[in-house]
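Everything on this sheet refers to the single structure shown next.
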Amino acid sequence: MPDKTVIVRIKRRQRPDEPARWEEFELRYRPHMNVITCLRDIAERPVTRDGRESSPASYEANCLEEVCGACAMLINGEPRQACSALVDNLEQPICLEPLSKFPLVRDLVVDRSKMFEDLKRTHCWIPIDGTYDLGEGPRMSPATQETGYPLARCMSCGNCLEICPKVNEHTQFVGAAIISQVRLFNMHPTGKLHSAERLEALMGPGGIQDCDNSQNCVKVCPKGIPLTESIAAMNGQVIRHALKTWFTGHD
Amino acid sequence: MASAVGVTRTSFFLDKLQSLSGIVPIGAYLAEHFFENSYALVSPDKYNYIASKLETVPWRIPLEFLLIWLPILFHGCYGLYIWWNGKANAIGHPWMTNWLYVLQRWTGIIVFAFIGYHVWTVRFLSHGKTTYADIAHAMANPWIVAIYAIGILAASFHLGNGLWNFSCKWGFAVTPESQRAAGWFGACVAIVFAVIGLAIIAGFRFHWTPFDTYL
Amino acid sequence: MRQPKIIIVGGGLAGLMATIRVAELGVPVDLFSIVPVKRSHSVCAQGGINAAKNLKGEGDSPWKHFDDTIYGGDFLANQSLVKSMCEAAPAIIDLLDRMGVMFNRTPEGLLDFRRFGGTLYHRTAFAGATTGQQLLYALDEQVRRHESIDRVKKFEGWTFLSAVLDDSGVARGICAMNLRTTEVQTFPADAVIFCTGGIGAIFGRSTNSVVCTGSAQSALFQQGAWYANGEFIQVHPTAIPGEDKCRLMSESARGEGGRVWVPKKPGDTRPAKDIPQNERFYFLEEWYPKYGNLVPRDVATRAIHKIVFEMKMGLPGGPAVYLDVSHIPREVLNRKLEGILEIYEKFVGPDPREEPMKVFPAMHYTMGGLWVDNEQQATNIPGIHAAGECEYQYHGANRLGANSLVSCIYGGMIAGPAAVRYARNLEKGCDSIPAGVFERERVRQQDITDGLLHQQGNENPITIWRELGEVMTENVTVIRYNANIKKTLGKLAELSERYKKINLQDRTQWSNQTLNFTRELGNMLVLAQVIALGALERNETRGAHYKPEFPERDDANWLKTTIARYDLGKICLEYQPVDTSLIPPRERKYTAAS
């Protein structure tokens, strides 16, 4: 082995029903390495530290610049994106585990389709009449744009769900990401027109009420989205909506 | 589109009610309770006078049931259910708010158990009539002092932190700044309650009546 | 009337737009994507989307946008279609705005526009510096809405293997593999639209995402689809070189006033901030006074190469130049460029608001792609359409910045209805095709997979891929010499031989990523040859294709579209005339305004 190496430990399972095992790899260090580079090196030479032939570890990755959300995993216990996890900033051995709150597929790959289903359940879209030319969109103040844009950068990586104590097998909690998306659509001039249906969805099982304010989500969001602000804002909206509809029959 | 409508709101309703009930009536009652008990810091007679006045309010049992016991039972039992629904991870991720989340649960169960003990000994075993001497007698036992001190500290924390949670969960404090302010407000409330509560214990234990100059 | 069935492969901007258009016509769509569509490569587009809405009082017009695009593309783009695209662009922006894209605003609440390369107008609408992500999300949301009412069915986690062609060569569906179960299955359809994006992986480290392998295009090419202008590869002037990929530093950095420079004294080791203005060489501004830092990408890239390799004026410690935004107020940077500055900070370290970024060109985009026929967006295989980066029509020899998003969306917009029209006019639909047609394609693909799973040897797919990337980047990107391209073709032949000896270290059949990657690698090797051959043959310099041995554009011989065909395992090149009916070719130079 060359002078400087990187030690990577990976929690592996070839199939979801298998017991997990840890494998340790020793890789040649290069400047600016990230966890993805490590995983590629392992795929090129899948031999463990103790000389045993293994197989490349499965993992999800796509853009490698932290905008697609694919490569979320637990790195030294923290949920984060593997692409922006630079080896120079990580304690070794670097421990890689799959996110634990989603069904495991294999090795570091999990199934996050729950998030996309929840976006559907909460009607996270602007219901336009059609793609034909209907002229300009609604005017929007720069201030609204500056509040909305950071929310719109949510890439559904799932880190906020992973870190949330209330996301687990006992609950159907939608998690901070979806709540924040509802805030985004309820803020848009057209989206506003349909805020009631999103709020209703947020009041259903697994809705916003499951949040117990541990405020972990905001600490792991790789995009720095003000998730706790979104949750509190939506709490206000659902409560006002609940009271208004209960007393007056409409929002 | 009505597809999202018609989903059950039960858990939404119960969760929000749980959060609210901790403030009103439970938190409000706690404030009242600490205030009334502070008469022990004036004089034993004054305390006995106030106690007997409270013990003879009209509609006492229904009032106690609706405003105190039922809310506490609901808040506690539903709180336990919420606890069971969560998986704390503060050991691996020791951020302050994450510890507050864990402490809120542990102080909750401590307070719930303490209230059970407190109500059983002071309300039922005494048949609803408790005098300064009864309490002072109990406080002579250092174990009981310890139990009360723990109960009071836990309740104070639970209420203070609960106020902060409430401000977020009801959407009163939205921005990070207002949430921080709500947090400080909760901390102040917790400290005030802890100080008053511990002073009351000290009053009973040491027959300490700092406010007797008012007499 | 029989309800047609449409399949769309690829869920980036073009694929999602096509999906929405088909779904709006009430026709069911099956949407196939390797990754969940929200993670498609379109998220990486940063700077913005072009449309001549003329909201800055500059007298911009779709015709000027059209002219800039054709001129920027060195007259190789399909003029009539580019004109239609530029005319449609303002309405496309309005549509995206209506879909809720958080475009930056002016104080009046209107869309803000910034400048981009290859134009003198503020023509680029933007949402911070993550415009592609924002547009993709808006379309993803619309598709999700159609999905919720069962107009769209998504097949995420499936990879396209091949088209199912009937005995008369008409496409009747696709054959795809489930990446989780490795199950190979066929799916009937009356028309298929390919929106499979870029080919960056062929160049190893590019600005592209992992899924941009060009595998689908290559598979279609090997089934008889024509591939046009493969040799035109855009190398973006400003990227951060990395071990795993090169990360784009958007042209918008220069659009907002960023400046490219090197120290006048080669090897100057002073920190950038300590080098006074008069000792800095702003070479783009000096060489191209009219366009300055906003010359088109091919021009900027060649300038940086010249500075670094010919003039030896690159920054000490590796081939790089400075991209400097540190003179722009922090508040402006945070509002307009935060997304990319954050990337620099996270992946490199220093705060670009304080000190200049170190950047170098990197492979970015393919102007070439599947040959398609004008407004039908139809390939030469009946029933197969294509839109987005995977086809060739819009950008000629060089793409202008912020034109890709508009071409993807426009392409998807017209491809969707075109495919439906085609499907409705079919005499017999895919349901009347004998099952044997599908079964034989499935068996053929299953055999390839089984072959790889059982193949013995000592070659590793990642090693072969790395070597492919190195040789392609070195010889078939910015500067091309025929001798080097020939060497590259030799190397590609060698890699193709070694490919047959690949040993999959993973022979399982559950979420086997090595298997899928190796299948893609086989297709990459073929497409690499198409690119190299096209580059070898084209003895001129045009747009991104630069041959020092042939430094001039040669309209007499080369104003034509390269078309590659695959015949019995051999790649043959043919040429087609280019439509220059609207704007006659003129000399392309950015030293002064055109």
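By convention in this document, chain letters (A, B, ...) are assigned in the order of the sequence lines, proteins followed by strands, and residues within each chain are numbered from 1. Side-chain atoms are counted along with the backbone in the values below, which use heavy atoms only and exclude waters and symmetry mates.
- By the 6.0 Å contact criterion, CZ on Phe247(A) is open, its count of non-hydrogen atoms from other residues, nucleotides or ligands being 12 or less.
- Residues of residues 144-160 of chain A never come closer than 4.5 Å to chain B when only heavy atoms are counted.
- Scanning residues 155-178 of chain B against chain A with a 4.5 Å non-hydrogen threshold yields Trp164(B), Asn165(B), Cys168(B), Lys169(B), Trp170(B), Gly171(B), Ala173(B), Val174(B), Thr175(B), Pro176(B), sorted by number.
- Counting non-hydrogen atoms of neighbouring residues, nucleotides and ligands closer than 6.0 angstrom, the CH2 atom of Trp69(B) exceeds 12 such neighbours.
- Within 6.0 Å of CZ in Phe185(B) there are 12 or fewer heavy atoms belonging to other residues, nucleotides or ligands.
- For a residue to count as touching a neighbouring chain, one of its non-hydrogen atoms must lie under 4.5 Å from one of that chain's; by this rule Val167(A) does not touch chain B.
- The line from CG of Asp212(A) to CG of Asp15(B) is 7.0 Å long, rounded to the nearest 0.5 Å.
- Neither the backbone nor the side chain of Leu14(B) comes within contact range of chain A; no heavy atom of the residue lies under 4.5 Å from a heavy atom of that chain.
- Side-chain contact between His93(B) and Val220(A): absent, with no pair of heavy atoms (C-beta onward) separated by less than 4.5 Å.
- Atom CH2 of Trp22(A) has more than 12 heavy atoms from other residues, nucleotides or ligands within 6.0 Å.
- Interface remark: Asn168(A) contributes side-chain atoms only to the contact with chain B (heavy atom separation under 4.5 Å).
- One N or O on the side chain of Asn89(B) and one on the backbone of Ile163(A) form a donor-acceptor pair closer than 3.5 Å.
- In this structure a side-chain-to-backbone donor-acceptor pair under 3.5 Å is missing from Asn213(A) to Tyr101(B).
- Atom OG1 of Thr171(A) sits about 10.0 Å away from atom NZ of Lys87(B), to the nearest 0.5 Å.
- Atom CE of residue Met96(B) and atom NZ of residue Lys219(A) lie 8.0 Å apart, to the nearest 0.5 angstrom.
- Taking CD1 of Ile82(B) as the start and NE2 of His170(A) as the end, the distance is 13.5 Å to the nearest 0.5 Å.
- Contact of Glu169(A) with chain B is made through the side chain alone, with heavy-atom distances under 4.5 Å.
- The greatest number of non-hydrogen atom pairs below 4.5 Å with chain B, out of Pro226(A), Gly236(A), Pro165(A), Ala232(A), is found for Pro165(A).
- Gln209(A) approaches Ser11(B) most closely through the heavy-atom pair NE2-OG, 2.8 Å.
- The shortest non-hydrogen separation linking Gly86(B) to Lys166(A) is CA-CD, 3.8 Å.
- Within a 6.0 Å radius of CZ in Phe13(B), no more than 12 heavy atoms belonging to other residues, nucleotides or ligands are found.
- Taking all atoms of both residues into account, the shortest heavy-atom contact from Met203(A) to Phe12(B) is O-CB, 3.3 Å.
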